Amino acid sequence: MKRPILRTTGKMQQYIISCLIVIIVASTCYILSHIIGYHITALLLLVTVSFLAVTFDILPVLLSAMLSALLWDFFFIPPRFTIHVEKTEDTIFLIMYFIIAIVSGVLTYKIRKAEKNAQFKEEKANSVKLYNTILNSLSHELRTPLATIIGASDNLLANQLLSKDDQHLLISEISKAALRLNQQVENLLNISRLESGHIQPKSDWTDITELIYQAVHHVEENNPGRRISISVHPGMPVCNIDKGMLEQIIYNLLNNAAIHTAKNSEIEISALCIADQLQIIIEDGGTGFTNKQMKDVFNKFARDNKKGNSGSGLGLSIVKGFTDALAGVVELEKSHFGGAKFTITIPVKILMLK
């Protein structure tokens, strides 16, 4: 969370600005003194001091509290233009005002400081959590394909008499492991881009049908035996969109479905474009998500804790981050297959093909 600009000013500027604000409020109240009484003026000055306490450091706030009490006494409490107070009740009121202004300023400053400390601790905890997530990913999700590549390569180098079929099988294993390794590295890089907040879409004219078939082909290569049904609405236009982001969205959703569902489960992707809204729907026949999981599924640390599922928990958060970057919306609901149904809706410029 970014701090307000005023909090980033130097101490001397804070002293000057806080005094000026109190003087401006007091001057405004003085001009309107024939409409508002001096008791209302006290309340307005207290609100001003509280506002400054939310914005500035403690010493400028204390100075503004003392200045406001002095101005209120000199210009507003009868008799005016003197620090002398005639009525006992006004004297008590002045003392109470000064105490309340000081206490209000100090308490508000302390509350802000406590909130800042809590925010810092939360950010630190999230950083540690992200570090642990990446470390877990490096220790398993990256090590596993690396081990496969090393093992298959060693077999190819050590056994010169391997048959063509065995060589092809080992090369195929290396290729699949390399694709899996590349996807995990992409996820780590993408989550870093999203965390930095510097991600900007680079739109270009994209054949959505071709992009979907490519993504499906990559998922099926990485998950042998899985077949994904494709349904693209006839007459799908060429869309102006960031191809890389959209491909990552589709791939992560399809790959997530392929990993977390049984081999005989249905996986289907459909796409259509209504006016300037591109809609992509991905459904599976798995066990789906519980109501609680559906609320947290797009968090970057959300993971399926079922035995055998060891993903980094970054895939769906990348889907959400990229969809937001494209000014789109991602929705999750129950699929008519019994599993999960993800609906991506993204505004696009279209070019109709003749």
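Please read all numbers here as calculations on a predicted model, not as lab measurements.
Side-chain N or O atoms of Thr206 include one that pairs as donor or acceptor with a backbone N or O of Asp204 at under 3.5 Å. Checking side-chain atoms of Asn223 against main-chain N and O of Arg226 turns up no donor-acceptor pair under 3.5 Å. Remark: side-chain polar atoms of Lys202 are not paired, donor with acceptor, to backbone N or O of Lys243 under 3.5 angstrom. Side chain of Glu333 to main chain of Lys341: no donor-acceptor pair is present (N/O by atom type, distance under 3.5 Å, no hydrogens or angles). Distance alone, capped at 3.5 Å, places no donor-acceptor pair between the Thr82 side chain and the Pro79 backbone. In terms of modelled atom types and a separation under 3.5 Å, the side chain of Asp90 and the main chain of Val85 share no donor-acceptor contact. With hydrogens and angles ignored, the 3.5 Å screen pairs no side-chain donor or acceptor of Ser265 with any backbone N or O of Thr261. At distances below 3.5 Å, at least one donor-acceptor pair connects side-chain atoms of Thr28 with backbone N or O atoms of Ile24. In this structure, Asp284 contributes its side chain and Ala340 its backbone to a donor-acceptor pair below 3.5 Å. A donor-acceptor contact shorter than 3.5 Å is absent between the side chain of Gln119 and the backbone of Lys116.
Val232 and Leu254 end up in the same hydrophobic cluster when Ile, Leu, Val, Met, Phe, Trp and Tyr side chains are linked at under 4.5 Å. Note on Leu94 and Leu67: same hydrophobic cluster, where clusters join Ile, Leu, Val, Met, Phe, Trp and Tyr whose side-chain heavy atoms are under 4.5 Å apart, directly or indirectly. Residues Tyr38 and Ile31 are members of separate hydrophobic clusters, defined by side-chain heavy-atom contacts under 4.5 angstrom among Ile, Leu, Val, Met, Phe, Trp and Tyr. Criterion: ILVMFWY side-chain heavy atoms under 4.5 Å apart, direct or through other members. Under it, Leu44 and Val22 are not part of a common hydrophobic cluster.
Counting heavy atoms of neighbouring residues, nucleotides and ligands inside a 6.0 Å radius, atom NZ of Lys349 does not exceed 12 of them. More than 12 heavy atoms of other shown residues, nucleotides or ligands fall within 6.0 angstrom of atom CE in Met294. Within 6.0 Å of atom CD1 in Ile83, 12 or fewer heavy atoms from other residues, nucleotides or ligands are found, so the atom counts as exposed in its surroundings. The number of heavy atoms from other shown groups lying within 6.0 Å of CZ (Phe120) does not exceed 12. In His168, the NE2 atom is not crowded: 12 or fewer heavy atoms of neighbouring residues, nucleotides or ligands sit closer than 6.0 Å.
For the atom pair OG1 of Thr323 and CD1 of Ile318, the computed distance is 11.0 Å after rounding to the nearest 0.5 Å. The CG atom of Leu351 sits 11.0 Å away from the CG atom of Asp207 when rounded to the nearest 0.5 Å. Interatomic distance, Leu63 CG to Leu52 CG, rounded to the nearest 0.5 Å: 10.0 Å. Atom CD1 of Ile281 is separated from atom OG of Ser231 by 9.5 Å, given to the nearest 0.5 angstrom.
Residues Glu283 and Ser335 have side chains that bring a donor and an acceptor to within less than 3.5 angstrom of each other. Ser68 and Tyr97 share a donor-acceptor pair across their side chains, judged by distance under 3.5 Å alone.
A heavy-atom distance below 4.5 Å is found between the side chains of Asp57 and Pro60. Gln277 places a side-chain heavy atom less than 4.5 Å from the side chain of Pro347.
Ring centroids of Trp72 and Tyr30 are separated by 6.0 Å or more, keeping the two rings apart.
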